[in-house]
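Here the structure comes first, spelled out in C-alpha cells, and everything after it is commentary.
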Amino acid sequence: MNALPLQENLKKYTDIAHCPIRNVLSHISGKWPILILCILSENERTRFNALSKAIPDISSKVLSNTLKSLEHDGLVERHLYAEIPPRVEYSLTDLGKSLMPILGELIGWALNNLDNFKR
C-alpha cells in the first residue's frame, strides 16, 4: 500500500493557520459554548438572566465572556433595548442557526452513546 496519498491527505492538518478543524472547533469547544448555542436555538431571544438560570453551574463572568466570544465569532447577536433599566437579549445569527443541525447530530450521537463513556 502506498503511504504517499495518506501523507498528502494529512497535510491539510499541518497548516495551523488554515486548518478548518482547529479554527472552527477552537471557537465552539469548551465547557459552555455549545450548551449556550443549544439554549439560544430553542428560543427566539433570550435574556442573560434566563441563560444564567438555565445553566446554574456557570458563573456570570464566564457566561458573559462566552457570550461575547460567540458574538465576536458571529454566531450570536446581542440586542440592546433603550429602556430604563436597559434590557439585553441574545439570539442566534444566521451563521449560528446554520450550525445547529450539525450540533443536533452531535447531541443525538451523544444521547445514543452516553452510556458507553466511562465516568
Side-chain angles (χ1 to χ4, degrees):
M1 176 178 231
N2 187 351
L4 187 58
L6 179 60
Q7 291 297 335
E8 290 296 318
N9 190 34
L10 294 176
K11 282 186 179 180
K12 64 185 167 205
Y13 303 110
T14 61
D15 183 1
I16 295 168
H18 298 98
C19 176
I21 292 172
R22 291 177 196 235
N23 289 294
V24 171
L25 287 182
S26 68
H27 293 270
I28 61 169
S29 63
K31 191 171 183 179
W32 307 114
I34 292 175
L35 184 57
I36 291 168
L37 291 171
C38 289
I39 292 167
L40 292 176
S41 75
E42 294 177 2
N43 303 285
E44 189 171 327
R45 292 195 175 179
T46 309
R47 294 182 76 167
F48 183 90
N49 286 339
L51 285 166
S52 185
K53 287 177 185 174
I55 313 170
D57 51 334
I58 190 171
S59 71
S60 292
K61 181 178 179 179
V62 171
L63 177 57
S64 178
N65 288 342
T66 305
L67 285 165
K68 285 177 188 174
S69 178
L70 292 169
E71 183 182 7
H72 179 263
D73 295 334
L75 297 170
V76 169
E77 58 187 347
R78 182 177 185 263
H79 308 272
L80 176 62
Y81 297 92
E83 300 174 352
I84 297 176
R87 178 170 50 115
V88 177
E89 295 177 337
Y90 296 89
S91 64
L92 293 180
T93 62
D94 288 341
L95 182 63
K97 290 175 186 173
S98 73
L99 178 60
M100 295 317 299
I102 296 157
L103 293 182
E105 289 291 322
L106 177 62
I107 292 164
W109 182 89
L111 289 170
N112 289 329
N113 293 286
L114 184 61
D115 292 337
N116 297 324
F117 281 88
K118 302 209 186 231
R119 294 181 198 174

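From a predicted model like this one, the values you see are computed outputs, not experimental measurements.
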side-chain contact (heavy atoms from CB on, under 4.5 Å) with Lys61: which residues, sequence neighbours excluded? Ser59, Asn65
How about Cys38 and Met100: do any of their side-chain heavy atoms sit closer than 4.5 Å? yes
Can you give me the closest heavy-atom contact between Asn43 and Thr46, atom names plus distance? CB-OG1, 3.2 Å
Summary of ring-ring contact (aromatic ring centres under 6.0 Å, His included) pairs that have at least one residue in residues 66-111, sequence neighbours excluded: Trp109-Phe117
Nearest 0.5 Å please: distance from the CG atom of Leu67 over to the CG atom of Leu51. 6.0 Å
Approximate separation, where rounding is to 0.5 Å, of Ser64 OG and Ile58 CD1: 9.5 Å
Indicate yes or no: at least one non-hydrogen side-chain atom of Ile36 is less than 4.5 angstrom from one of Leu63. yes
Would you compute the distance between atom CG of Leu40 and atom CZ of Arg45 and round it to the nearest 0.5 angstrom? 11.5 Å
Locate the shortest heavy-atom distance separating Leu92 from Glu77; write the atom from each residue and the value. O-OE2, 4.0 Å
At their closest point, which heavy atom of Pro86 faces which heavy atom of Leu80, and how far apart are they? CB-CD1, 4.2 Å
Pick out which of Thr66, Ile55, Leu103 makes a side-chain contact (heavy atoms from CB on, under 4.5 Å) with Leu35. Ile55
How far apart are the closest heavy atoms of Pro56 and Lys53, and which atoms are they? CD-O, 3.7 Å
Grouping I, L, V, M, F, W and Y whenever their side-chain heavy atoms are under 4.5 Å apart, do Val24 and Leu75 come out in a common cluster? no
Heavy atoms only: give me the nearest Ala54-Ile39 pair and the separation to one decimal. CB-CD1, 3.8 Å
Counting only heavy atoms not in Glu83, do more than 12 sit closer than 6.0 Å to its CD atom? yes
Hydrophobic cluster mates of Ile107, side-chain heavy atoms under 4.5 angstrom, ILVMFWY only, any path? Leu111
Whether the side chain of Ser52 engages the backbone of Phe48 through a donor-acceptor N/O pair (distance < 3.5 Å, no angle test) should be reported. no
